[in-house]
Amino acid sequence: MPLGFLVVFSEPGNQVTLEEFQDWYNNEHVPLRLNYLKSFLTGARFSAADSLKPSWLALYDIDDTSAFQHESYTRLRANRSPREADLVVRLEVLDRRTCEALSDSGVSPITSSLASSNPTTYIVTHGIEVTMHGSIDDWTKDMFERLRSVKGWVRTRSFKCIDNLKTGTSVSGKGPEEQIVSKYFILHEFENPSAAVSSEFNNIIASCECFETVERRSWNLYRAYPGIAQSNLPQ
């Protein structure tokens with residue numbers, strides 16, 4: 001099976017304090033995955049750099065899409081702690097998307113991407129809507145070649161969303177259209193914010209025929225976490 005990728009957008013809202021949210025994420029939610037599941041290769045969280053909501057994004061490299069159905073992972077959601085169960089229902093938004101890896105421009109010597117040692121500090125994410133005359137393979141092939149000329153660009157990857165669920169106080173009671181997300185998720189990594197806002201990068205993204213960029217967001221690294229798969233858990 002292909003490599004997996006987990007994308008989670010979240011917004012604490014007015015029923016969960018930032019302190020409570022961060023304590024839960026840093027000391028319970030992430031450790032239960034990265035400290036014990038070797039299928040979770042990396043994990044990093046980002047805060048919004050564009051003042052938009054949701055304000056938080058968590059990204060995880062997964063060794064195989066089959067890990068999403070494995071009991072070691074599914075039981076974490078089925079048997080949540082009382083604290084997590086109480087907190088999750090109070091979040092304004094929890095938008096979880098499981099993905100499979102499609103294309104990768106290649107690992108860069110500049111950063112380790114989402115690993116805890118030398119992680120990428122600035123990213124841009126967006127979805128891609130493909131018209132009847134295009135394909136995601138065409139988009140990635142063209143993008144990878146052109147992005148190599150952008151100073152400060154590190155890496156770009158594309159993923160296909162295979163499952164998603166959006167919950168939260170702002171979602172409750174709304175129709176099925178609230179669950180619609182882009183079929184493809186794109187992750188661009190940069191050395192610094194100036195590269196991401198450069199006219200060179202923006203012109204490349206905007207110039208692709210047969211494709212529409214949606215849900216574009218910019219993010220600063222909050223924290224990249226150690227894990228058992230990285231063999232760097234604190235002693």
Side-chain angles (χ1 to χ4, degrees), residues 1-9 30 32-46 57-78 94-116 119-120 123-132 134-148 153-166 179-189 205 208 210-217 219 224-225 227-231:
M1 285 190 171
L3 292 171
F5 198 69
L6 179 58
V7 178
V8 185
F9 298 95
V30 170
L32 281 175
R33 287 148 179 81
L34 266 68
N35 291 12
Y36 300 100
L37 304 183
K38 292 184 178 180
S39 56
F40 275 67
L41 304 178
T42 66
R45 294 177 60 219
F46 296 82
L57 171 67
L59 301 175
Y60 306 87
D61 285 301
I62 311 296
D63 69 349
D64 192 308
T65 53
S66 64
F68 295 129
Q69 284 78 47
H70 195 276
E71 186 272 341
S72 63
Y73 175 61
T74 59
R75 64 179 171 80
L76 294 177
R77 298 176 65 197
L94 187 64
D95 179 354
R96 177 180 174 274
R97 308 179 191 184
T98 55
C99 306
E100 66 176 53
L102 293 180
S103 300
D104 187 349
S105 64
V107 176
S108 171
I110 299 174
T111 78
S112 66
S113 290
L114 305 180
S116 63
T120 294
I123 64 172
V124 169
T125 64
H126 60 80
I128 285 289
E129 300 296 337
V130 182
T131 70
M132 61 182 296
S135 74
I136 190 65
D137 291 337
D138 294 335
W139 186 90
T140 52
K141 183 178 180 180
D142 181 55
M143 279 294 101
F144 292 169
E145 287 301 315
R146 299 171 70 187
L147 287 172
R148 295 184 197 283
W153 170 81
V154 172
R155 183 183 187 184
T156 292
R157 290 186 277 171
S158 66
F159 307 90
K160 179 182 177 180
C161 181
I162 55 178
D163 190 26
N164 70 282
L165 178 64
K166 188 184 298 184
Q179 300 297 330
I180 298 174
V181 300
S182 177
K183 183 177 180 180
Y184 301 107
F185 180 82
I186 311 298
L187 169 62
H188 303 282
E189 303 176 35
I205 296 299
C208 295
C210 303
F211 306 98
E212 179 186 1
T213 299
V214 296
E215 292 186 300
R216 177 169 171 171
R217 298 293 309 274
W219 309 88
Y225 298 83
I228 189 171
Q230 301 174 61
S231 301

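One is the number of the first residue; the rest follow in order along the sequence.
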Subject >> Residue pairs, two or more places apart or on separate chains, that pass salt bridge (Lys or Arg N to Asp or Glu O under 4.0 Å) and touch residues 65-78 >> reply: Glu71-Arg75
Subject >> Pair listing, salt bridge (Lys or Arg N to Asp or Glu O under 4.0 Å) test, anchored in residues 57-69, at least two apart >> reply: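 For residues 57-69, and leaving out neighbouring residues, the salt bridge (Lys or Arg N to Asp or Glu O under 4.0 Å) pairs sorted by first residue read Asp61-Arg157.
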Heavy-atom distance under 4.5 Å between the side chains of [X] and [Y], does that happen here?
X      : Y      : value
Leu165 : Gln179 : yes
Leu3   : Ile62  : no
Cys99  : Ile162 : no
Met143 : Ile186 : no
Tyr73  : Leu32  : no
Leu57  : Val7   : yes
Val124 : Arg216 : yes

side-chain hydrogen bond (donor to acceptor under 3.5 Å, both in side chains) involving [X] - partner list, sequence neighbours excluded:
X      : answer
Ser108 : none
Asp142 : Arg146
Ser72  : His70
Arg148 : none

So which heavy atom on [X] is nearest to which on [Y], and how close?
X      : Y      : result
Leu114 : Tyr60  : CD1-N, 4.5 Å
Val8   : Leu6   : CG2-CG, 4.0 Å
His188 : His126 : NE2-NE2, 2.9 Å
Thr65  : Gly4   : CG2-CA, 3.8 Å
Ala44  : Tyr225 : CA-CD1, 4.2 Å
Ala101 : Pro2   : O-CB, 4.2 Å

Original post:
Cation over ring, Arg155 on Trp153, under 6.0 Å and within 45°?
Top reply: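 No, Arg155 and Trp153 do not form such a contact.
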Subject >> Donor-acceptor pair between Ser158 and Trp139 side chains, under 3.5 angstrom >> reply: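 There is no such pair (donor and acceptor under 3.5 Å, judged by atom type) between the side chains of Ser158 and Trp139.
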Original post:
If you measure only the distance, is there a donor-acceptor pair under 3.5 Å linking the side chains of Gln230 and Ser116?
Top reply: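 Per modelled atom types, Gln230 and Ser116 side chains form a pair under 3.5 Å.
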Subject >> Interatomic spacing from NZ in Lys166 to CG in Asp95 - rounded to 0.5 Å >> reply: 5.0 Å
side-chain contact (heavy atoms from CB on, under 4.5 Å) involving [X] - partner list, sequence neighbours excluded:
X      : value
Ala229 : Leu41
Lys160 : Glu100, Leu102, Lys183, Tyr184
Val214 : Glu129, Ser182, Glu212

**OP:** Under the ring pair (Phe, Tyr, Trp, His ring centres under 6.0 Å) rule, collect the residues that match up with Phe159, sequence neighbours excluded.
**Re:** Phe5
Could you give the side-chain donor-acceptor pairs of residues 33-40 under 3.5 Å, partners two or more places apart or in another chain?
from, atom 1, to, atom 2, distance (Å)
Arg33, NH1, His29, O, 2.9

Original post:
In chain order, what residues pass the salt bridge (Lys or Arg N to Asp or Glu O under 4.0 Å) check against Glu215, with sequence neighbours excluded?
Top reply: Arg97
Original post:
So, does Thr140 use its side chain to make a donor-acceptor pair with the main chain of Ser103 at under 3.5 Å?
Top reply: no
